[in-house]
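Just so we're clear, the structure is a prediction, and the values are computed from it rather than from any experiment. Sequence lines set the chain letters: A, B, ... in the order given, protein chains first and strands last, and positions in each chain run from 1.
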Amino acid sequence: MRIATWNINSLRLRMPTLQNVVAALKPDVVCLQETKVPDELFPVDDVRALGFEHILFAGMKGYNGVAILSKAPLTPIDRRDWCEKGDCRHIAAILPSGAELHNFYIPAGGDIPDPVLNDKFAHKLRFVDELADWFRGKAQAERILVGDLNIAPLEEDVWSHKQLLKVVSHTPVEVEKLIAAMKAHDWVDVLREFVPPDQKLYTWWSYRNRIWPGNDRGRRLDHVWVTPSLRPALAGATVLREARGWDKPSDHVPVAVDFNF
DNA sequence: ATGGTGGAAGGTCCA
């Protein structure tokens, strides 16, 4: 089974690109973030035409929004209202294998890396703390967590560790919280199981950098985590880097992970 | 040090 995750930055605008992503990766499940479409306008028929009969979505007008597209049936489970904002940043399901799949869109956090001066950064930190607490309280099970976590935890997850230490996405406070959230449920960082931590690995390149991939100033903001019992089932990981160079790209590229089930 | 681009809107806000 291949599970892909992608911050699509508008599902309706990028439906043709989604078709190309599906053709390139042939995923069984696609988790999307930033669908930017209210539920009543979700393009169910277009998604079914791509081969995904089973669709879960939680969207709102203008911002945020998450969805799970699947070829096989999904059993919806406990969505929750993170930070009491009702803002469509999480959706979850049980896969046919029995594994739980959680799709997250963590707040980007604004520009100023200070929770006192910047409410958006405070929200981001609170969200990551809540994520840690929620899974810490759960019994171990076969679980997969994917999504745009908007944090690049390792030095080689950014183009310049030193230059990004004060840039939201790579500041010590959010990195520490993300690592604490991983430890709270023994999450395994799947991409780093396949690409060693001393090698650069990015999934996002800013729209504000016109010369992609010239200077390759990327960050690894998109992640796939699994609980330890799923580690033996891991069969591979792919970052579809080329998608950043396609026509009308998202600023994030799709990431796919293969499982032996 | 600054501003750079893109999306949803049809103001600006968000990233």
Side-chain angles (χ1 to χ4, degrees), chain A residues 5-21 31-43 46-47 57-67 82-90 103-115 117-128 146-153 157-160 162-171 174-175 178 202-223 240-255:
Chain A
T5 177
W6 185 29
N7 179 321
I8 193 170
N9 189 17
S10 175
L11 171 57
R12 287 175 292 176
L13 183 75
R14 245 173 287 286
M15 186 62 68
T17 318
L18 177 60
Q19 185 168 4
N20 292 335
V21 166
C31 295
L32 298 174
Q33 305 87 35
E34 282 206 276
T35 53
K36 295 186 174 177
V37 58
D39 289 348
E40 62 271 22
L41 297 177
F42 193 96
D46 292 342
V47 169
F57 46 85
M60 58 194 284
K61 187 175 174 179
Y63 318 107
N64 306 326
V66 286
W82 298 84
C83 304
E84 288 126 25
K85 295 212 178 240
D87 60 358
C88 302
R89 295 180 178 275
H90 171 234
N103 177 14
F104 279 97
Y105 175 49
I106 290 184
D111 288 331
I112 303 166
D114 182 332
L117 299 176
N118 174 8
D119 288 342
K120 288 187 255 185
F121 195 66
H123 177 209
K124 181 179 199 176
L125 298 182
R126 198 159 66 244
F127 196 110
V128 178
V146 309
D148 175 7
L149 307 188
N150 266 317
I151 297 172
D157 290 340
V158 293
W159 63 275
S160 169
K162 196 174 169 184
Q163 286 181 254
L164 286 169
L165 277 169
K166 293 181 178 173
V167 175
V168 171
S169 72
H170 192 62
T171 64
E174 53 192 314
V175 166
L178 192 74
Y202 314 136
T203 65
W204 174 91
W205 294 262
S206 173
Y207 282 127
R208 297 179 190 181
N209 183 351
R210 293 161 183 245
I211 42 170
W212 188 90
N215 53 18
D216 202 19
R217 292 188 173 186
R219 305 179 202 168
R220 186 170 71 110
L221 303 182
D222 301 276
H223 298 268
L240 193 62
R241 189 184 153 95
E242 67 196 66
R244 188 62 180 81
W246 292 354
D247 193 40
K248 296 279 283 176
S250 168
D251 45 355
H252 295 253
V253 297
V255 170

TODO: Tell me what R89(A) touches on the nucleic acid: a base, only sugar-phosphate, or nothing, going by heavy atoms under 4.0 Å.
DONE: sugar-phosphate
- [ ] Can you sort out the partners of D39(A) under side-chain contact (heavy atoms from CB on, under 4.5 Å), two or more places apart, ordered by chain and number?
- [x] F57(A)
Open item on the list: Between dG11(B) and dG7(B), how many Å separate the two C1' atoms, rounded to a whole number?
Closed with: 14 Å
- [ ] Taking ring-ring contact (aromatic ring centres under 6.0 Å, His included) as the test, write out the residues that go with W159(A), two or more places apart.
- [x] none
Task: Set of side-chain contact (heavy atoms from CB on, under 4.5 Å) partners for P38(A), sequence neighbours left out - done: R12(A), E40(A), L41(A), K61(A)
In a table with atom names and distances, give each donor-acceptor pair under 3.5 Å that connects a side chain of residues 117-125 of chain A to protein atoms at least two apart or in another chain.
{"unit_1": "N118(A)", "atom_1": "OD1", "unit_2": "K120(A)", "atom_2": "N", "d": "2.9"}
{"unit_1": "N118(A)", "atom_1": "OD1", "unit_2": "F121(A)", "atom_2": "N", "d": "3.4"}
{"unit_1": "N118(A)", "atom_1": "ND2", "unit_2": "G109(A)", "atom_2": "O", "d": "2.9"}
{"unit_1": "N118(A)", "atom_1": "ND2", "unit_2": "I112(A)", "atom_2": "O", "d": "2.8"}
{"unit_1": "K124(A)", "atom_1": "NZ", "unit_2": "A108(A)", "atom_2": "O", "d": "3.0"}
{"unit_1": "K124(A)", "atom_1": "NZ", "unit_2": "N150(A)", "atom_2": "O", "d": "2.7"}
{"unit_1": "K124(A)", "atom_1": "NZ", "unit_2": "E174(A)", "atom_2": "OE1", "d": "2.7"}

Task: Separation between the P atoms of dG10(B) and dC14(B), rounded to whole Å - done: 15 Å
Open item on the list: Applying side-chain contact (heavy atoms from CB on, under 4.5 Å), can you list everything that pairs with D247(A), at least two apart in sequence or on another chain?
Closed with: none
Task: Heavy atoms from other residues, nucleotides or ligands near CD of E242(A) exceed 12 (cutoff 6.0 Å) - done: yes
Open item on the list: Of all nucleotides in DNA chain B that come within under 4.0 Å of a heavy atom of chain A, which is furthest toward the 5' end and which toward the 3' end?
Closed with: dG4(B) to dA15(B)
- [ ] Between N7(A) and P38(A), name the one whose nearest nucleotide on DNA chain B is closer to the 5' end.
- [x] P38(A)
TODO: Write down the distance separating the P atoms in dA9(B) and dA15(B), rounded off to the nearest Å.
DONE: 15 Å
TODO: Report the residue (S10(A) or E34(A)) whose heavy-atom-nearest nucleotide on DNA chain B is the more 5′ of the two.
DONE: S10(A)
